**Q** 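Structure below; questions to follow.
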Amino acid sequence: MTGLHAEPLGTVTIDAAYLNNVNTVTLSNAAVGAELLRAQWAIDPCMAVTAFGYRIDSDAAAQADVDTYGARLAGQMTLPARLRLRYVAELAAQRAALGSDRYDTQYGLAALTLERDALSLKLGHEQLGSDAGSFALQTPLGTRHAFQGWADVFLKTPDVGLRDAYVAVDANLQWFGVGATYHQFRADEGHVALGHEIDAQVSVPLPHALRAQVKLAHYQADNFGVDTDKFWLQIEYHL
């Protein structure tokens, strides 16, 4: 990996990188040729606009080559009664090549998070578009576990695409943290119900910069996959 970070202006940052290998979560290596470019403008301390372009060529014959371009707006505002509102809006277009086939898909994200002290409520909708049900937007360098449910049913976007409407509640208290998220999954092509999922977690700080976390996931299938339950126990060390 080679990378470049520049701040040509006080409010503008530019990051560029080239990747030739990816260490996956399954402890395998994937050979790629990835050119990544991101430019961010901090309009003020509470708002930033980001433009990005990712060109990813895979050496695997079954893996599509994808070019993704988009923009993101993120910010926050202070409200009465010690409330803070965070917002994110993102749009992107992706062109994919798989063998001799070419596909065009799109991505969209809108999310609002209302916070007060250690409590937060988040509402969001994410779209991973489909090209007529033949191919759907992919994120070969990204993780789905953190976004499309801890049951890991959607580690690869189905060809009909995915629309994920979700609500999350979290509380990070002094001695522990708790949270729950509900996902309603639909196909982007045809808007057919795919399933829904409930995720819950409890985390507890431990001595010596350690933290224990228990996560539960319950996915109930409608028209995709099978009913899935997962249990996660994690021990984290924070530097």
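Model, not experiment: these values are computed from the prediction. Values reported hereafter were calculated over all heavy atoms of this structure, with side chains retained and with hydrogens, waters and symmetry mates removed. Index from 1, following the sequence.
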**Q** Which pairs with one or both residues in residues 84-137 pass ring pair (Phe, Tyr, Trp, His ring centres under 6.0 Å), sequence neighbours excluded?
**A**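 Ring pair (Phe, Tyr, Trp, His ring centres under 6.0 Å) check on residues 84-137 returns Tyr103-Phe135.
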**Q** Is the shortest side-chain heavy-atom distance between His218 and Lys230 below 4.5 Å?
**A**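 The answer is no; the side chains never approach within 4.5 Å.
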**Q** Go through the structure and list residues passing side-chain contact (heavy atoms from CB on, under 4.5 Å) with Asp44, not counting sequence neighbours.
**A**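 With neighbours one apart ignored, the set is Cys46, Met47.
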**Q** In the structure I gave you, are the side-chain heavy atoms of Val88 and Leu109 within less than 4.5 Å of one another anywhere?
**A**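 Yes, close enough: below the 4.5 Å cut-off.
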**Q** If you compare all heavy atoms of Leu141 against all heavy atoms of Ala34, which two are closest, and at what distance to 0.1 Å?
**A**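 Shortest heavy-atom separation between Leu141 and Ala34 comes out as CD1-CB, 4.4 Å.
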**Q** Please name the pair of heavy atoms, one in Ala64 and one in Ser58, separated by the smallest distance, quoted to 0.1 Å.
**A**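 So the minimum-distance heavy-atom pair works out to O-CB, 4.3 Å.
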**Q** Using a 4.5 Å cut-off on heavy atoms from C-beta on, say whether the side chain of Trp175 contacts that of Val204.
**A**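 When only atoms from C-beta onward are counted, Trp175 and Val204 do not touch, as no gap falls below 4.5 Å.
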**Q** Among residues at least two apart in sequence or on other chains, which ones pass side-chain hydrogen bond (donor to acceptor under 3.5 Å, both in side chains) with Asn223?
**A**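 Applying side-chain hydrogen bond (donor to acceptor under 3.5 Å, both in side chains) to Asn223 gives none.
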**Q** Any side-chain to backbone donor/acceptor pair from Gln201 onto Asp199? Under 3.5 Å, distance only.
**A**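 No, because the side chain of Gln201 does not come within donor-acceptor range (under 3.5 Å) of the backbone of Asp199.
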**Q** Just to verify, what does His145 make a side-chain hydrogen bond (donor to acceptor under 3.5 Å, both in side chains) with, not counting sequence neighbours?
**A**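 If we apply the side-chain hydrogen bond (donor to acceptor under 3.5 Å, both in side chains) test to His145, skipping adjacent residues, the hits are Asp152, Lys215.
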**Q** What I'd like to find out is whether the side chain of Ile14 reaches to under 4.5 Å of the side chain of Pro8, using heavy atoms alone.
**A**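 Side-chain contact under 4.5 Å: yes.
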**Q** Other than Val226, what residues sit in its cluster of Ile, Leu, Val, Met, Phe, Trp and Tyr side chains whose heavy atoms are under 4.5 Å apart, directly or through others?
**A**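 Members other than Val226 - counting any ILVMFWY side chain reachable under 4.5 Å - there are none.
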**Q** Report the C-alpha separation of Phe154 and Phe224 in whole Å, then their side-chain angles, then the decisive distance to 0.1 Å, and conclude whether the ring-ring contact (aromatic ring centres under 6.0 Å, His included) test is met.
**A** CA-CA 9 Å; Phe154 297 99; Phe224 185 82; 5.1 Å; yes
**Q** Mind checking the CG-CG spacing from Asp15 to Leu37? Nearest 0.5 Å is all I need.
**A**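 It comes to 8.5 Å.
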**Q** List for me each residue that meets side-chain contact (heavy atoms from CB on, under 4.5 Å) alongside Asn172, sequence neighbours excluded, and say none if there are none.
**A**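 Asn172 satisfies side-chain contact (heavy atoms from CB on, under 4.5 Å) with no other residue.
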**Q** Could you check Thr139 against Val66 for side-chain contact (heavy atoms from CB on, under 4.5 Å), going step by step and ending with a plain yes or no?
**A** CA-CA 9 Å; Thr139 57; Val66 294; over 6 Å; no
**Q** Find out whether Thr78 and Leu85 are in side-chain contact, i.e. whether some heavy atom of one side chain is under 4.5 Å from a heavy atom of the other.
**A**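 No, every pair of side-chain atoms sits at 4.5 Å or beyond.
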**Q** Arg163: which residues meet the salt bridge (charged side-chain N to carboxylate O under 4.0 Å, His left out) condition with it, sequence neighbours left out?
**A**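 So Arg163 forms a salt bridge (charged side-chain N to carboxylate O under 4.0 Å, His left out) with Asp188.
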**Q** Could you pull out the closest heavy-atom pair between Gln184 and Gly195, with the gap in Å?
**A**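 So the two residues come closest at NE2-O, 3.5 Å.
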**Q** List in chain and number order the residues that pass side-chain contact (heavy atoms from CB on, under 4.5 Å) with Ala168, two or more places apart in sequence or in another chain; answer none if no residue qualifies.
**A**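 Ala168 satisfies side-chain contact (heavy atoms from CB on, under 4.5 Å) with Lys122, Asp170, Thr181 only.
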**Q** Within the distance-only criterion (no hydrogens, no angle test), does the side chain of Glu197 pair as donor or acceptor with the backbone N or O of Trp150 below 3.5 angstrom?
**A**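 Judged by distance alone, yes, a pair lies under 3.5 Å.
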**Q** With sequence neighbours left out, write down each residue that passes salt bridge (charged side-chain N to carboxylate O under 4.0 Å, His left out) with Asp117, or none if nothing qualifies.
**A**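 Per chain and number, Asp117 pairs via salt bridge (charged side-chain N to carboxylate O under 4.0 Å, His left out) with Arg82.
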**Q** Can you find a pair of side-chain heavy atoms, one from Tyr166 and one from Gln148, that are under 4.5 Å apart?
**A**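 Not touching, per the 4.5 Å side-chain cut-off.
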**Q** Look at Glu236 together with Arg211 and state whether they make a salt bridge at an N to O cut-off of under 4.0 Å.
**A**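 Between Arg211 and Glu236 there is no salt bridge, as every charged N stays at least 4.0 Å from the carboxylate O atoms.
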**Q** Arg55: what forms a salt bridge (charged side-chain N to carboxylate O under 4.0 Å, His left out) with it, not counting sequence neighbours?
**A**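 Only Glu35, Asp67 meet the salt bridge (charged side-chain N to carboxylate O under 4.0 Å, His left out) criterion with Arg55.
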**Q** Once side-chain hydrogen bond (donor to acceptor under 3.5 Å, both in side chains) is applied, do any residues pair with Thr157, and if so which ones, sequence neighbours excluded?
**A**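 So Thr157 forms a side-chain hydrogen bond (donor to acceptor under 3.5 Å, both in side chains) with Arg144.
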**Q** Grab the two heavy atoms, one from Gln106 and one from Ser130, that are nearest each other, plus how far apart they are.
**A**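 Gln106 and Ser130 have their closest heavy atoms at NE2-N, 3.9 Å.
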**Q** What's the verdict on side-chain contact (heavy atoms from CB on, under 4.5 Å) for Arg95 and Arg102, showing C-alpha distance, side-chain angles and the deciding distance?
**A** CA-CA 7 Å; Arg95 175 158 292 183; Arg102 300 292 183 269; 5.6 Å; no
**Q** Is there a donor-acceptor contact under 3.5 Å from the side chain of Asp222 to the main chain of Ala193?
**A**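 Pair absent, no side-chain N/O of Asp222 close to backbone of Ala193.
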**Q** Restricting to side-chain hydrogen bond (donor to acceptor under 3.5 Å, both in side chains), what partner residues turn up for Gln174, sequence neighbours left out?
**A**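 Counting only residues at least two positions away or on another chain, Gln174 forms no side-chain hydrogen bond (donor to acceptor under 3.5 Å, both in side chains).
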